[in-house]
Structure formats: C-alpha cells, structure tokens
Asker: 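Okay, handing you the structure first.
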There are 2 protein chains.
Amino acid sequence: MALNSENTLLTALINHFKNYFPLTGKEKEELSSHFRERKIKRRGFILQQGDVCKHFSFVVSGCLKMYAVDQTGKEHNLQFAMENDWITDLASFYSEKPSMVYIEAIEPSSILQIEHADLLYLYTNYHKFDRNFRIIVEQRCIELQNRVLQNISASAEERYRYFLQQYPTLPNRLPHTQIASYLGITPEFLSKIRKDLINKP
Amino acid sequence: MALNSENTLLTALINHFKNYFPLTGKEKEELSSHFRERKIKRRGFILQQGDVCKHFSFVVSGCLKMYAVDQTGKEHNLQFAMENDWITDLASFYSEKPSMVYIEAIEPSSILQIEHADLLYLYTNYHKFDRNFRIIVEQRCIELQNRVLQNISASAEERYRYFLQQYPTLPNRLPHTQIASYLGITPEFLSKIRKDLINKP
DNA sequence: CCTGACTCTTAAACTAGTTTAAGGGTATTT
DNA sequence: AAATACCCTTAAACTAGTTTAAGAGTCAGG
C-alpha cells in the first residue's frame with residue numbers, strides 16, 4: 001500500500017513517532033504494510049478475557065478501557081486509552097497465553113493494530129522500532145508506578161484530585177462509575193467525594 | 001578491562017542477559033567497560049530524594065528498596081530489588097530531573113551500575129541493548145499493572161497472600177513494617193492479618 | 001553489661017470507605 | 001410513546017483499616 005496524505009490514521013501514527021526517534025521513509029512504508037486500520041463501535045471489544053491478546057493497538061481517535069472482572073462480576077479499570085495512546089495486554093501479548101482482561105471501546109474509536117509476528121518482524125529488522133517501543137513502555141512504566149504510589153499512600157479524595165489533573169477531559173467523556181472503578185472505590189463514595197469537593201475546593 | 005572468570009559480579013549480569021537475547025563477545029566487553037561494581041552497606045543510599053537518578057542498577061546480591069516519603073514523613077515502598085533485579089527511578093533517570101524517591105540498601109548489597117550517558121552509548125551502538133532493556137522494562141510493566149489491579153480490587157489480606165506468593169523469602173529477610181508499607185497498610189493491621197491467617201490458613 | 005532504638009503485638013476508639021436500599025433523571029430501545 | 005436500562009445521588013447501617021497507646025522482645029552500640 002502506498003503512502004498518501006489522505007491516509008489520516010497512519011499519518012497520526014507517523015506523527016506520534018516524531019516524539020521519539022522519527023521514522024525514515026522505509027520505516028514508514030513498513031508501518032503502512034504491517035498496521036491495520038480498524039473502527040470499533042461503542043461497547044465493541046478488541047480483547048476478551050480468555051482470548052490471547054494478538055494486537056498492539058494505537059488509538060487515533062475515541063477512547064478504550066482495559067479492565068479485569070473479579071469473581072463477583074465487578075469491573076476494575078486498569079487503563080483508559082485515548083488519542084495517541086497505546087493499549088495492549090503486555091502479559092498475554094508476549095507470552096501468547098490467554099488474557100485475564102477485556103479491552104472495550106467506551107466511545108466509537110479508530111485504531112491502528114499490529115499483530116505479534118509483525119511487530120517481531122519490525123523489532124528484528126529495524127533497531128528503531130525496538131528503541132521506540134522501549135521508550136513507549138518506559139513511559140507506561142512511569143505512569144503505573146505513580147499510580148501505585150497514589151494507591152498505597154493517598155486517600156480516595158486525593159486520588160480523585162490527581163485523576164482530574166491527569167485526565168481533565170475524562171469526567172465529561174465517560175460515566176463516573178468508570179472513574180470510580182479506576183480509582184478503586186465505589187460509585188457511591190465517589191459521589192460523596194464530588195459533593196465534598198464542591199463545598200471546599 | 002579484560003573479562004575473566006573471577007569477575008563474579010559481571011558474570012552474574014552476563015548470565016542474566018541469557019534470559020533475553022544473549023550477548024556476543026564484543027557486547028560482553030562493552031558491559032565490562034561501562035558497568036561499575038559497587039558494594040552498598042545496610043542503610044546505604046544509591047539515590048536520595050532531590051538528586052537526579054544517575055544510574056541504572058543491577059542487583060547481584062543483597063536487597064534494596066525504592067520508596068517515597070510523604071508530607072507526614074511516612075515511607076511508602078514502591079519496589080524491592082533482590083538478586084537479578086534491576087532498579088532505577090525511570091522518571092528521573094531519563095528526564096535528568098530531581099527524583100521524588102529514595103533507593104536504599106536493606107541488606108549489604110553488591111550491585112553493578114551504568115550511567116545514563118553510557119547506557120545511551122550502548123543503546124545507540126548495539127541494537128541488542130535497546131531490545132533487552134525493552135524486554136526488562138516490559139516485565140516491570142506487567143508486574144506494576146498486576147500490583148495496580150491488586151490495589152484497586154483486593155482486600156489487604158488478599159494483597160498480603162499474593163505478596164507471600166510473589167516474594168516467599170522476603171518476610172524472613174526484612175521487617176514487617178517494610179511489607180506493610182509496600183502493601184499500603186499500617187504495621188498494626190498487618191499484624192492482625194497475620195494473626196488471622198494463622199487461625200484460618 | 002546496660003541503654004536506647006527498633007520491632008512486633010494487642011486492644012480500644014475512631015474514620016474512611018462499602019453495602020444496601022430507594023428515588024429521580026436521562027438516554028436507548030421497542 | 002412507553003418501556004427498559006443505565007446513571008447519579010442520598011442516607012443509614014455496616015466493615016475494613018487507622019490511630020493512639022502501651023507493653024514485651026530483640027538487637028546494635030557505647
């Protein structure tokens with residue numbers, strides 16, 4: 001497939017890589033031949049528990065969530081992925097074992113996906129893809145470590161304030177139940193926190 | 001510096017890389033010229049809050065912890081690093097900004113450290129280092145995500161049981177106050193959990 | 001050998017967060 | 001247009017986890 005300026009999804013990805021080590025012409029061509037565009041409907045899944053996670057996905061537009069479901073049926077949100085975010089279940093993707101989580105679209109979304117074998121091909125043949133994905137994963141690591149720190153040291157109210165700072169647009173884009181699930185509290189208690197914050201912001 | 005079989009610290013690192021993409025002779029030589037051995041006393045620091053984290057460290061023996069200190073002076077353990085673990089404050093290391101955390105030896109430890117510029121040199125000149133560190137960071141990411149899931153979905157008792165599975169040797173090697181700090185609970189409550197577990201294991 | 005600094009435990013009083021239940025609002029489906 | 005499902009809030013009763021305090025055990029240092 002030839003590159004052209006009308007291929008807006010792919011140009012979003014190429015621009016994304018400009019934040020790291022920008023791609024050469026040949027590397028861009030490899031992107032276009034190994035990434036596949038996909039539109040996901042609201043409530044559509046790109047991964048279900050029990051399946052092997054076959055793709056590393058880049059979100060061009062929309063919003064997805066990754067979550068685990070516990071024995072009692074409750075959902076626990078591990079990640080929201082919006083424009084220019086990556087999302088995959090790393091544990092399942094590399095081990096090729098069944099995943100413990102779901103990845104579901106919260107809004108209608110456009111994504112670009114690469115399959116496991118194709119990503120390995122890029123890693124093997126282009127130093128730069130190993131490097132750029134190293135950096136992408138490092139940044140995810142930093143985010144996760146901050147979140148762990150919040151979880152072990154901060155109250156629910158502090159965690160919510162931090163969430164608002166980090167994702168200012170999300171409370172308008174998704175139900176509060178989803179945010180409560182991300183913070184590790186009940187929707188009822190989040191409602192109380194929000195009421196308290198109005199009185200003393 | 002020439003490689004020889006007496007250099008036990010470095011051979012531990014070379015063996016470690018055999019779990020990923022094993023190193024060539026030349027790459028091993030680069031290790032020996034860019035990693036520096038260090039012995040750290042119990043309670044010795046390799047990073048203090050406010051300093052820039054200058055090293056990526058590989059633990060050959062002993063045990064270190066990374067922790068943040070909150071406004072009230074309480075410590076919150078983010079990571080324990082034992083034999084064959086890596087430890088660094090990624091956020092500070094790559095941004096070269098002051099760190100928010102401490103890294104301190106819990107036991108007398110032997111480590112191998114590489115400086116920021118030297119690691120960039122290895123990344124630039126050897127595809128394999130970018131690749132191996134990508135994999136190392138991915139595994140850390142998987143660990144952190146599991147820990148986040150525990151934090152948002154499981155009770156303190158469940159988290160402690162999971163901790164025992166993951167680090168069976170640690171309760172013998174370090175004070176329980178350290179474990180409580182890692183789990184995000186008070187030492188008093190951990191004590192209660194331990195009592196309960198004896199009665200109904 | 002003694003002292004002081006940590007560590008672990010127990011227990012009572014407290015607080016942060018959950019559960020259960022109910023009511024009203026707003027989309028989405030039929 | 002009605003019906004259903006979902007979402008948000010409130011409140012009362014409950015439970016998980018914290019705080020404060022006190023006592024006993026253990027270890028390193030003078």
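Numbered from 1 within each chain, the chains take letters A, B, ... in sequence-line order.
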Asker: Just the rounded figure in Å: distance from P of D:dT18 to CD of A:E158.
Answerer: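 Those two atoms, CD and P, are 14 Å apart.
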Asker: Side chain of A:S191: nearest nucleotide among D:dG17, C:dG17, D:dT9?
Answerer: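 The answer is D:dT9.
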Asker: Is the distance between the ring centroids of A:F58 and A:F35 under 6.0 Å?
Answerer: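 No, ring centres 6.0 Å or more apart.
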Asker: Rounded to the nearest Å, what distance is computed from the CD1 atom of residue B:I152 to the C1' atom of nucleotide C:dG17?
Answerer: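 These atoms are roughly 16 Å apart.
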Asker: Name the residue from A:Y162, A:F163, A:Y160 that meets the ring pair (Phe, Tyr, Trp, His ring centres under 6.0 Å) definition with A:Y182.
Answerer: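 Testing each of A:Y162, A:F163, A:Y160 against A:Y182, the sole residue satisfying ring pair (Phe, Tyr, Trp, His ring centres under 6.0 Å) is A:F163.
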Asker: Could B:E143 and B:R147 be called an ion pair, given the rule that one side-chain N must be under 4.0 Å from one carboxylate O?
Answerer: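 No salt bridge links B:E143 with B:R147.
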Asker: How many whole angstroms separate atom CZ of B:R43 from atom P of C:dA5?
Answerer: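 After rounding, the gap between these two atoms is 13 Å.
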Asker: Please give, in whole Å, the distance from D:dC7 C1' to A:N172 CG?
Answerer: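 For the pair A:N172 CG and D:dC7 C1', the rounded distance is 16 Å.
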Asker: Return no unless some side-chain N or O of B:R194 is found under 4.0 Å from OP1 or OP2 of C:dT9.
Answerer: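 True: B:R194 side-chain N/O within range (under 4.0 Å) of C:dT9 OP1/OP2.
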Asker: Is the closest side-chain donor-acceptor distance between A:T24 and A:E27 under 3.5 Å?
Answerer: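 A donor-acceptor contact under 3.5 Å links the two side chains.
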Asker: Charged N to carboxylate O under 4.0 angstrom, A:R134 versus B:E138?
Answerer: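 Looking at B:E138 together with A:R134, the answer is no, because their closest N to O distance does not fall below 4.0 Å.
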Asker: Classify A:K195 by what it touches in the nucleic acid, base, sugar-phosphate, or nothing, heavy-atom distance under 4.0 Å.
Answerer: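 The answer is sugar-phosphate, as A:K195 gets under 4.0 Å only of primed atoms, P, OP1 or OP2.
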Asker: Using a heavy-atom cut-off of 4.0 Å across all strands, would you classify A:T186 as base, sugar-phosphate, or nothing?
Answerer: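 The residue A:T186 makes base contact.
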Asker: Report which part of the nucleic acid B:E188 touches: base, sugar-phosphate, or nothing (heavy-atom distance under 4.0 Å, all strands).
Answerer: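 Base contact.
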Asker: Rounded to whole angstroms, how far apart are CD on B:E157 and C1' on D:dA16?
Answerer: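 Rounding to the nearest Å, CD of B:E157 and C1' of D:dA16 are 11 Å apart.
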Asker: Whole angstrom is fine here: how far is it from CD1 in A:I185 over to P in D:dT9?
Answerer: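 Rounding to the nearest Å, CD1 of A:I185 and P of D:dT9 are 12 Å apart.
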Asker: Whether A:K74 contacts C:dT19 is assessed here as follows: a side-chain N or O lying under 4.0 Å from the phosphate OP1 or OP2. Is that the case?
Answerer: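 Checking A:K74 against C:dT19: at least one side-chain N or O falls below 4.0 Å of OP1 or OP2.
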Asker: Rounded to the Å, how far apart are B:L190 CG and D:dA16 C1'?
Answerer: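 So the CG-C1' distance, B:L190 to D:dA16, works out to 14 Å.
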Asker: Tell me: CZ of B:R42 to C1' of D:dG29, nearest whole Å?
Answerer: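 Taking CZ of B:R42 and C1' of D:dG29, I get 13 Å after rounding.
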